[in-house]
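We use all heavy atoms of the structure for the numbers below, so side chains are in, but hydrogens, waters and symmetry mates are not.
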Amino acid sequence: MKKKVVSVLVAAMTVVSLAACGNSGSGDTPTAADTPASADTKTADTPAPADTPTENSEDTPAASGETISVGFAQVGHESDWRAANTKNYQDTFSAANGYELSFVDCDNDHAVQIETVRSFIEQELDYICIAPIQSAGWDTVLQEAKDAGIPVLIVDRAVDADASLYTTALGCDMVAEGETAGNWLAEYLNGADANILVIEGSVGASATLGRTEGFNNIVAKNSNWKVLDSQSGDFTQAGGQEVMESFIKSYSDFNVVVCQNDNEAYGAMDAMDAAGITYGVDGDVTIISFDATHNGLQYTLDGKITCNVECNPLQAGFAEGVIQKLQAGEAVDAWTLVVDEAFVAPGITSSYAITMSQEVLDGRAY
């Protein structure tokens, strides 16, 4: 194992606090009526595979005296979810745990992310984790990492590349998340018509593509549903508000708004508040959101977001489990699924989701 001191790379806009699949580094914070309390930043209960070594295990790098260098090319800081995900990686791959982490916030710039990975290769890091900003355009740099003999973990999102070019991938099933949202809506509406507006995530992101595909799979099964429009809000609160304001000017007959992360939902609620449009379990519009961050689930508990589909940001334990297996010379799976749940507002019973309660919210680790 290589022993080296690795410079910690920090982008100009480093995430410093938990603010959706990401901290609203743009300054966006929930401003809809009755804004919930700040998100809980606890990450100690990071989920991990059953055989993942614990911090005090004899097999951890800290115990063996080895330092493992890991590069993490993060998407950015566009949402609450992303902040929780970043903190989870920083906590897990810490010096105390025997790691030297090179972290770069790529600020949603695909070209910057490609060059970041190249810099990790040049530094001869032991492992590289990539949360890809967009799914296309990875073949060349992944081949470079493979030629250098550096294992690459594709985390959170997916890439459109030959699987032989990277070691493994891990994350949530975005298509399944979209299908869960659609199946819940069909159950909730129980045959009623749906005129749907969709605020998508960042263009080209696998989370956007997967959630859109999954939800549309269910739309196709319901002949009385109509998607009136679908536009990108870029996974930000400001983007969600801007798109929703445009929708309100163009459409008057919508009764469902699907936001592909919580921050977009906050912006959509702000726009509807300003226009005098009611939403939630007691309103005229049903809001479906994704990520299930602390603030998003607070709105769900309050009955403003009717359904919130989780995308678990605490994924670093899974990545560490893979790295420890590779350290031990063991084979790793090509894909590791991070399991999600869905949540619905109080008073709603669903076969697809958990009914929100204060106890459920208090038990969340992010």
Side-chain angles (χ1 to χ4, degrees), residues 8-11 13-25 38-50 52-57 60-62 68-107 113 116 127-133 153-157 168-174 177 207 235 261-263 290-297 310-324 336-341 361 363-366:
V8 178
L9 304 178
V10 181
M13 301 182 71
T14 302
V15 177
V16 294
S17 64
L18 177 58
C21 209
N23 168 35
S24 284
S38 299
D40 184 355
T41 58
K42 177 184 175 185
T43 58
D45 298 323
T46 304
T52 300
T54 63
E55 184 175 331
N56 294 322
S57 168
T60 60
I68 300 174
S69 57
V70 178
F72 182 27
Q74 176 63 289
V75 169
H77 50 275
E78 77 282 0
S79 62
D80 297 356
W81 189 99
R82 192 62 55 189
N85 182 247
T86 290
K87 187 176 187 302
N88 184 221
Y89 271 87
Q90 291 172 331
D91 289 348
T92 300
F93 294 105
S94 66
N97 290 340
Y99 297 95
E100 192 82 47
L101 178 66
S102 293
F103 169 80
V104 176
D105 175 344
C106 297
D107 200 19
Q113 193 167 46
T116 294
Y127 299 93
I128 296 174
C129 295
I130 306 170
I133 293 167
L153 286 67
I154 304 298
V155 301
D156 172 35
R157 298 177 176 180
T168 189
L170 63 93
C172 303
D173 187 335
M174 305 298 179
E177 290 177 6
F235 285 133
N261 81 340
D262 285 338
N263 289 76
F290 291 84
D291 282 355
T293 60
H294 187 280
N295 283 353
L297 288 183
E310 180 183 42
C311 181
N312 190 342
L314 306 185
Q315 300 181 8
F318 294 90
E320 185 185 26
V322 168
I323 288 173
Q324 287 302 309
T336 299
L337 176 66
V338 179
V339 179
D340 297 319
E341 295 176 313
L361 183 63
R364 302 293 284 173
Y366 57 92

Looking at [X] and [Y], what are the two nearest heavy atoms and their distance?
| X | Y | value |
| --- | --- | --- |
| His77 | Asp107 | CE1-OD1, 3.1 Å |
| Arg157 | Pro132 | CD-O, 3.0 Å |
| Thr116 | Cys106 | OG1-SG, 3.8 Å |
| Val75 | Ala131 | CG2-O, 3.1 Å |
| Cys172 | Gln315 | SG-NE2, 3.8 Å |
| Gln113 | Ile133 | OE1-N, 2.9 Å |

Any donor-acceptor pair under 3.5 Å linking the side chain of [X] with the backbone of [Y]?
| X | Y | result |
| --- | --- | --- |
| Asp262 | Thr293 | yes |
| Asn261 | Phe235 | yes |
| Glu177 | Phe290 | no |
| Glu100 | Ser69 | no |

Polar side chain donor-acceptor pair, Gln74 to Tyr89, under 3.5 angstrom: no
Nearest-0.5 Å distance, [atom1] of residue [X] to [atom2] of residue [Y]:
| X | Y | atom1 | atom2 | answer |
| --- | --- | --- | --- | --- |
| Thr168 | Leu153 | OG1 | CG | 6.0 Å |
| Arg364 | Leu314 | CZ | CG | 8.5 Å |
| Cys311 | Asp340 | SG | CG | 5.5 Å |
| Ile128 | Ile154 | CD1 | CD1 | 9.5 Å |
| Trp81 | Glu310 | CH2 | CD | 10.5 Å |

Sole residue of Val70, Asn88, Ile68 in side chain to side chain contact (heavy atoms under 4.5 Å, CB included) with Phe93: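 For Phe93, the side chain to side chain contact (heavy atoms under 4.5 Å, CB included) check succeeds only for Val70.
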Sub-4.5 Å side-chain heavy-atom contact between Asp291 and Asn263: no
Asp105 bridged to Arg82 by N-O distance under 4.0 Å: no
Asn85 and Phe72: CA distance, side-chain angles, deciding distance, side chain to side chain contact (heavy atoms under 4.5 Å, CB included) verdict: CA-CA 11 Å; Asn85 182 247; Phe72 182 27; 4.0 Å; yes
Phe318 and Asn312: CA distance, side-chain angles, deciding distance, side chain to side chain contact (heavy atoms under 4.5 Å, CB included) verdict: CA-CA 12 Å; Phe318 294 90; Asn312 190 342; 5.5 Å; no
